Amino acid sequence: MENEKRNLNMNSILIEIIMSNQCNKRCPYCDLNFYNQSFSRTSLDIFSDFLDKNRSKVKYFHINFFWWEPLLSFDDIVYIVEKQSHYQNKYSLWTNGLLLTKRHLDFFRKNSFHIFLSIDNITGFDKFDLLAWYEDIISINFINDPDHMENSKKIFELIDAHRFAKIHFMPVYSSKDWNTDSLRVLLEMKKYISSNTNNNIECFSYFNGVSVDTQFVLDTDLYFYKDIDSLLWLQKQYKRLPGFLREKIDRLSRSCKLTKDLSIDELLSTYDISTVMNLVTSIPKYINTHKQNLIINKILQYDQ
Ligand code: SF4
């Protein structure tokens, strides 16, 4: 109850907006489905009006362009940001970086975006030169697939040779299984990272507790979904999740639809943190990854 009250009184709202259900990459650890659905300009106009109408009730909106590949919708991102140009929204964007150009990066710098660039231990990244003047606005999400841990050290060293704002070391949770060998290499990686003097490195556990923002995911179906660090919205995509659990998460996390008349009070009144917490902590038990997640979390807490 205390948590619920605290969140409803918070004055910044994180909205993660899914611009389309398309991606130009196919990662083996990704359980998303790909189909032709995206935000229309009309829906973006409604979203912009929603922000404007409710601006006085929050300190700021944090809008994160997330899921699938947002750069495929770059023109629509420019559209909404320019429509909002008189206001102080906070912006961020997650990308696999394959389409990234100087044009994108200049736009992001000009509009004070923070970029989360996902690099995995399978394909790595070969455009570091392009990032040279933008490293301060970029954090790297270094994704570690258990089936490719032999590449992790080499790719991590390439990333670490640059001055990125942050490096997030992220093991793949839930969509893949770890075995004794991959866990052993994960522990070696953690030891290696711990001996590193770069204090911009952070290891991501399965669940780090409640994030600072009240978070909603705004999906292409125009529904808002309440969440913490996108864990619910992400995990309901997992193929190993039983159907009844996927439906339960969808039903309990779905808030309300974005319409011309929606108010922020109406949206916030649906934000029930205890329901979100209960679901987030119960999912690994349902899909038998609880033990594995505990081991990974323990490895990531290891300090030399
Ligand atoms: S880049 Fe992201 S959305 Fe695209 S396939 Fe990989 S994990 Fe999935």
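One-based numbering, in listed order, for ligands and for the atoms of each. Being a predicted model, the structure only gives us computed values, none of them experimental.
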| For residues N64 and E16, is any side-chain donor paired with an opposing acceptor at under 3.5 Å? | yes

| task | Tell me, please, which residues at least two apart from N24 pass side-chain contact (heavy atoms from CB on, under 4.5 Å). | result | E69, N96, L98, L99

| Thinking salt bridges, do D272 and K226 make one under a 4.0 Å N-O criterion? | no

| query | ring pair (Phe, Tyr, Trp, His ring centres under 6.0 Å) with Y29: which residues, sequence neighbours excluded? | reply | none

| task | Tell me the protein N, O or S atoms under 2.8 Å from atom 8 (Fe) of ligand 1, in chain and number order. | result | C30 SG

| query | Any salt bridge between K25 and D120, counting N to O under 4.0 Å? | reply | yes

| request: With sequence neighbours excluded, tell me which residues meet side-chain hydrogen bond (donor to acceptor under 3.5 Å, both in side chains) with D221. | output: Y225

| field | Verify atom 2 (Fe) of ligand 1: protein non-hydrogen atom under 4.0 angstrom away | value | no

